[in-house]
Every structure is written in C-alpha cells, then in structure tokens.
Amino acid sequence: MADNKQDHLLEHSYDGIQEYDNPLPTWWKWVFYATILVVPIYLWDPMGIGVGPGKVKAYEEQMAAFNAAHPKSAGTYTDDQLVAFAKDPAKVEAGKVVFTSYCAACHRPDGGGMIGPNLTDDFWIHGGKPTDIMKTVVDGVLAKGMPNWGKVLKPDQIEGAVAYVQTLHGTNPPNPKEPQGVQAGADSAAAPAAAATTPPAK
Ligand code: HEC
C-alpha cells in the first residue's frame with residue numbers, strides 16, 4: 001500500500017494509530033453506481049423486468065389458482081361440514097358419479113370392496129369419521145394401493161366422493177369383502193353421518 005502514489009497519511013491519530021487515505025479505484029466506484037441504477041427495476045419486478053405486478057403477486061395468483069383447482073388439505077374440513085355434505089342430495093349424487101368413475105374399480109360400485117376395503121361396514125383401517133375418510137381419500141395410502149386423490153380430483157369431486165362414501169355405510173351389499181381394520185365405536189361420527197342418509201342396517 002505504501003507504494004501507491006495516491007496514498008497519503010491522514011491527519012488524525014488515535015492511540016498512536018494512523019490511517020492512509022486509500023481511495024477505491026474509479027472503475028470499482030462506477031460498478032457500484034451502476035448497481036444503484038439497477039435497483040428500481042428490482043423494486044418494481046425482479047423476474048418480469050419492468051412489466052407485471054411483480055413476483056410476489058404472480059406467486060400469490062398462482063397459489064390461488066392452484067388452491068382453487070386442488071382440494072384444501074383434508075385437515076381444513078370439520079366432521080359437521082362433511083356430514084352436511086352427506087345430507088345434500090346434489091353433493092351425494094355428484095359423488096356417486098365420481099365414485100363410479102374413480103373408486104368403483106377397486107371398491108366395487110356398491111362399495112362392498114374388492115382390491116380396496118369394504119366401505120359399507122363398521123370396520124375401518126384408517127378411521128371411519130368423515131374427517132378420517134376425507135384424509136384417506138385426499139392423501140391416499142400409496143403403499144397399500146389407495147391413490148392420493150387430492151392430487152387428481154377437484155375439491156368438489158372429493159367432497160362428493162366423501163359424501164357418497166358416508167351414505168354407503170350400512171347398505172350391506174351382497175358378497176362384501178371381509179371386514180378389515182377396527183370396528184368404529186358407537187361414538188364414531190360415521191354412524192350418525194350414515195344414519196342421517198340411509199336407513200339403519202338390519
Ligand atoms: C387402485 C385401487 C383403488 C382405487 C381406485 C380407490 N381406492 Fe380406496 N383404497 C384402496 C385400498 C387398497 C385401500 C386400503 C388401504 C390400506 O390397506 O391401508 C383403500 C382404502 C380406502 C378408504 C379407507 C378404508 C378404511 O378401511 O379405512 C377409503 C375411505 C377409500 N379407500 C375411498 C376411496 C375413494 C373415495 C376412492 C375414489 C375417489 C377410492 N378409494 C379409490 C384402493 C383403491
């Protein structure tokens with residue numbers, strides 16, 4: 001540093017420590033000023049350089065569109081809400097269409113079970129409360145061959161399917177698949193849900 005012609009010792013001294021005035025190279029300063037000129041572009045819209053509402057807004061719009069097209073996570077529904085769906089004839093009817101197209105291949109059109117378990121009995125592998133059913137349908141059980149329908153179907157399709165599954169409870173179709181899982185207790189929300197829409201099984 002001492003050999004730099006521009007360097008000169010500054011006047012002050014603190015505890016005997018002195019410093020050189022060591023200016024930055026001119027090219028370096030111009031690069032620095034240039035970065036300041038670029039700032040407004042970044043403040044406006046980092047990706048779409050100068051056009052559009054900005055990256056954050058674009059992200060929010062994409063997320064809103066995605067959420068509209070895909071089911072909310074299963075956890076955002078309540079049992080009461082899902083029981084209400086099962087009492088709504090339009091929802092159940094739409095659900096039947098979904099069930100016939102997407103679920104019947106494994107669960108049989110009457111829900112009696114085939115590759116997938118019987119959905120009409122009191123026995124559930126993953127719980128028989130409406131919110132349990134919603135969770136199984138949305139997340140699937142990939143290791144066991146139950147697809148994660150949350151990635152495939154729209155929210156209203158899933159709501160319909162879950163509503164329809166609730167109405168299958170207690171329908172006693174012929175030749176059902178043997179019970180799997182644990183029997184739903186009397187306090188299970190599945191029982192009142194199905195009772196609301198189907199005559200009690202004899
Ligand atoms: C490719 C076959 C297949 C299709 C299609 C399928 N499932 Fe399943 N499903 C299964 C299997 C296998 C299981 C059992 C998972 C396990 O053993 O953990 C299951 C489990 C379930 C359960 C949980 C049952 C319990 O005892 O806890 C529900 C509810 C269910 N399916 C609903 C549906 C609905 C609704 C659809 C249509 C949207 C559907 N499934 C489509 C194979 C399928």
Side-chain angles (χ1 to χ4, degrees), residues 63-202:
M63 283 308 290
F66 179 88
N67 288 333
H70 293 78
K72 307 179 241 179
S73 75
T76 59
Y77 293 94
T78 64
D79 281 321
D80 289 345
Q81 224 177 342
L82 296 173
V83 168
F85 288 155
K87 289 181 190 161
D88 174 352
K91 203 74 160 170
V92 172
E93 200 48 45
K96 185 176 182 178
V97 174
V98 173
F99 193 89
T100 310
S101 329
Y102 296 101
C103 321
C106 291
H107 292 281
R108 256 173 46 178
D110 60 12
M114 206 159 48
I115 298 164
N118 182 348
L119 299 177
T120 68
D121 61 10
D122 288 338
F123 291 82
W124 296 96
I125 304 169
H126 301 287
K129 282 191 307 190
T131 43
D132 295 334
I133 297 173
M134 174 56 86
K135 186 176 184 330
T136 313
V137 174
V138 169
D139 297 340
V141 190
L142 293 179
K144 296 290 178 61
M146 166 70 178
N148 47 350
W149 296 102
K151 293 268 187 286
V152 179
L153 301 176
K154 296 199 164 69
D156 53 344
Q157 289 178 301
I158 302 241
E159 288 167 3
V162 171
Y164 184 68
V165 167
Q166 291 176 71
T167 67
L168 291 174
H169 179 247
T171 50
N172 284 333
N175 303 320
K177 196 175 183 190
E178 79 286 353
Q180 290 167 277
V182 294
Q183 188 161 15
D187 58 341
S188 161
T197 51
T198 55
K202 280 266 139 52

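Order of listing sets the numbers, starting from 1, for every ligand and every atom in it.
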### Query
If you look only at pairs with a residue in residues 97-114, which of them pass as a side-chain hydrogen bond (donor to acceptor under 3.5 Å, both in side chains), with sequence neighbours excluded?
R108-D110

#### Entry: L82 CG to T131 OG1 distance, which is reported to the nearest 0.5 Å
7.0 Å

### Task
Kindly compute the distance separating CE (M134) from NZ (K129), expressed to the nearest 0.5 Å.
14.0 Å

Would you mind running through ligand 1 and noting each atom that sits below 4.0 Å from a heavy atom of [X]?
{"X": "I115", "value": "12 (C)"}
{"X": "T136", "value": "22 (C), 23 (C)"}
{"X": "Y102", "value": "5 (C), 37 (C), 41 (C)"}
{"X": "P147", "value": "3 (C), 4 (C), 6 (C), 7 (N), 43 (C)"}
{"X": "I133", "value": "29 (C)"}

Strictly distance-based, threshold 3.5 Å: is any side-chain N or O of [X] a donor or acceptor partner for the main-chain N or O of [Y]?
{"X": "D122", "Y": "Q183", "answer": "no"}
{"X": "K177", "Y": "M114", "answer": "yes"}
{"X": "N148", "Y": "G150", "answer": "no"}

N/O to N/O below 3.5 Å, does that happen between [X] and ligand 1?
{"X": "H126", "result": "yes"}
{"X": "F99", "result": "no"}
{"X": "K144", "result": "no"}

Give me the residue, atom name and distance of the protein heavy atom closest to [atom].
{"atom": "atom 13 (C) of ligand 1", "result": "P117 CD, 3.1 Å"}
{"atom": "atom 38 (C) of ligand 1", "result": "C103 SG, 2.6 Å"}
{"atom": "atom 8 (Fe) of ligand 1", "result": "H107 NE2, 1.9 Å"}

Taking non-hydrogen atoms only, is [X] closer than 4.0 angstrom to ligand 1 via side chain, backbone, both or neither?
{"X": "I158", "answer": "neither"}
{"X": "W149", "answer": "side chain"}
{"X": "V137", "answer": "side chain"}

### Query
Quick one: does A105 get a heavy atom under 4.0 Å from ligand 1?
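Outside the 4.0 Å threshold, so no.
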
### Task
Kindly indicate whether the side chain of W124, heavy atoms from C-beta on, has any atom under 4.5 Å from the side chain of T136.
no

### Query
With side chains defined as the heavy atoms from C-beta onward, is the minimum distance between Q180 and N118 less than 4.5 Å?
no

### Query
Of all the atoms in M146, is at least one N, O or S atom closer to atom 8 (Fe) of ligand 1 than 2.8 Å?
yes

